[in-house]
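A short write-up of the structure that comes next.
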Amino acid sequence: MYAGPAGIVLLTDRRVARGALVDVVAGAVGGGVRWVVLREKDLPRAERLALAADLRAILAEACGTLVVAGPDPLDGDAVHLPAAGPYPPPAVGLVGRSCHDTAELARLTTEHYATVSPVYETRTKPGYGPALRAAGLAALVKASPVPVLALGGIETPAQVTACVEAGAAGVAVLGAIMRADDPGETATTLGRAFQEAATTRVTTPAHSGGGPQPRTATEEENQ
């Protein structure tokens with residue numbers, strides 16, 4: 001059973017955060033976020049290690065999990081790796097990898113999940129793309145051997161809903177929460193959209209002979 005990142009997953013970036021990174025993460029966790037990916041890869045290891053400890057303490061109170069970007073888990077047990085490597089993945093408890101196309105997804109081996117990006121145009125990495133949109137995301141979700149997190153330019157409840165309808169197990173968010181005046185309120189709003197879409201999504205019955213096709217949240221609402 002999949003036990004990796006799901007729901008709204010927060011990626012950190014202290015350079016765009018409206019306040020101290022620890023405070024922004026604390027606000028997001030208060031708003032329902034239970035998975036945080038620590039980036040900040042430009043920091044010296046000692047500073048990053050201390051930051052990881054602070055964020056783990058915040059998440060521990062909510063039974064959440066910190067994932068560290070890069071192969072060094074910083075005294076933890078969860079990492080998120082870039083598409084370029086390392087291969088094979090390190091032997092830790094949870095491993096994710098960034099992917100952008102079917103070729104990169106095909107290289108996955110022992111990873112537990114993958115992020116797929118960019119779903120939409122993103123202010124964090126302008127010009128990075130082209131954007132997959134919902135149709136492109138759905139195609140990569142279908143091609144992936146592991147659960148997929150949608151990533152890139154996801155800022156609104158409607159975009160979260162579209163990602164869930166495309167089959168994403170989770171939605172990775174950076175700018176929408178990092179730049180928010182109230183990270184907790186933004187996390188709550190996006191999390192509510194995720195839960196509503198996930199609850200509404202109807203899957204195809206897994207029996208021979210087929211069955212009714214899945215209906216999207218939009219189709220359900222129009223009934």
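All residue numbers refer to positions in the sequence shown, counting from 1.
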So how far is it from [X] [atom1] to [Y] [atom2], rounded to the nearest 0.5 Å?
X    : Y    : atom1 : atom2 : answer
S117 : L149 : OG    : CG    : 10.5 Å
T115 : L81  : OG1   : CG    : 10.0 Å
M178 : L10  : CE    : CG    : 4.0 Å
C63  : R34  : SG    : CZ    : 8.0 Å
L66  : L74  : CG    : CG    : 8.0 Å
D72  : L49  : CG    : CG    : 8.0 Å

**Study point:** Basic-acidic side-chain contact under 4.0 Å: R133, E121
**Key:**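 Between E121 and R133 there is a salt bridge, with a charged N closer than 4.0 Å to a carboxylate O.
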Review point. Ion pair present between E40 and R48, side-chain N to carboxylate O less than 4.0 angstrom?
Key: no
[X] versus [Y], closest heavy-atom pair with distance:
X    : Y    : result
A169 : F194 : O-CZ, 3.3 Å
A114 : V146 : N-CG2, 3.7 Å
I154 : A176 : O-CB, 3.9 Å
L137 : L132 : N-CB, 3.9 Å
R39  : A69  : CA-CB, 4.1 Å
R97  : P82  : NH1-O, 2.8 Å

Under a single-linkage definition using a 4.5 Å side-chain heavy-atom cutoff for Ile, Leu, Val, Met, Phe, Trp and Tyr, are [X] and [Y] assigned to the same hydrophobic cluster?
X    : Y   : answer
Y113 : Y87 : no
L51  : V79 : no
V9   : L94 : yes
V67  : V95 : no
L108 : V92 : no

Exercise for review: List the steps and the verdict of side chain to side chain contact (heavy atoms under 4.5 Å, CB included) for V16 and L174.
Suggested key: CA-CA 9 Å; V16 302; L174 191 155; 4.0 Å; yes
Practice item. Look only at the side chain of T188 and the backbone of G184, and say whether a donor-acceptor pair between them is shorter than 3.5 Å. Key: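 Yes; at least one donor-acceptor contact below 3.5 Å.
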Point to revise | Main-chain N/O of T156 paired with Q159 side-chain donor or acceptor, under 3.5 Å | key: yes
Exercise for review: Report the C-alpha distance between R14 and D42 in whole Å, list the side-chain angles of each, state the deciding distance to 0.1 Å, and finish with yes or no for side chain to side chain contact (heavy atoms under 4.5 Å, CB included).
Suggested key: CA-CA 11 Å; R14 71 189 189 285; D42 59 312; 2.7 Å; yes
Check your understanding: With respect to I177, which candidate in D13, V25, I8 satisfies the side chain to side chain contact (heavy atoms under 4.5 Å, CB included) definition?
Key ->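 Of the listed residues D13, V25, I8, the side chain to side chain contact (heavy atoms under 4.5 Å, CB included) partner of I177 is I8.
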Practice item. Report the C-alpha separation of L59 and T65 in whole Å, then their side-chain angles, then the decisive distance to 0.1 Å, and conclude whether the side chain to side chain contact (heavy atoms under 4.5 Å, CB included) test is met. Key: CA-CA 6 Å; L59 283 158; T65 302; 5.9 Å; no
Practice item. Please say whether more than 12 non-hydrogen atoms of neighbouring residues, nucleotides or ligands are located less than 6.0 Å from CD in E104. Key: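 More than 12 within 6.0 Å, yes.
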Check your understanding: Given side chains that start at C-beta, do those of V141 and V116 come closer than 4.5 Å, heavy atoms only?
Key -> no
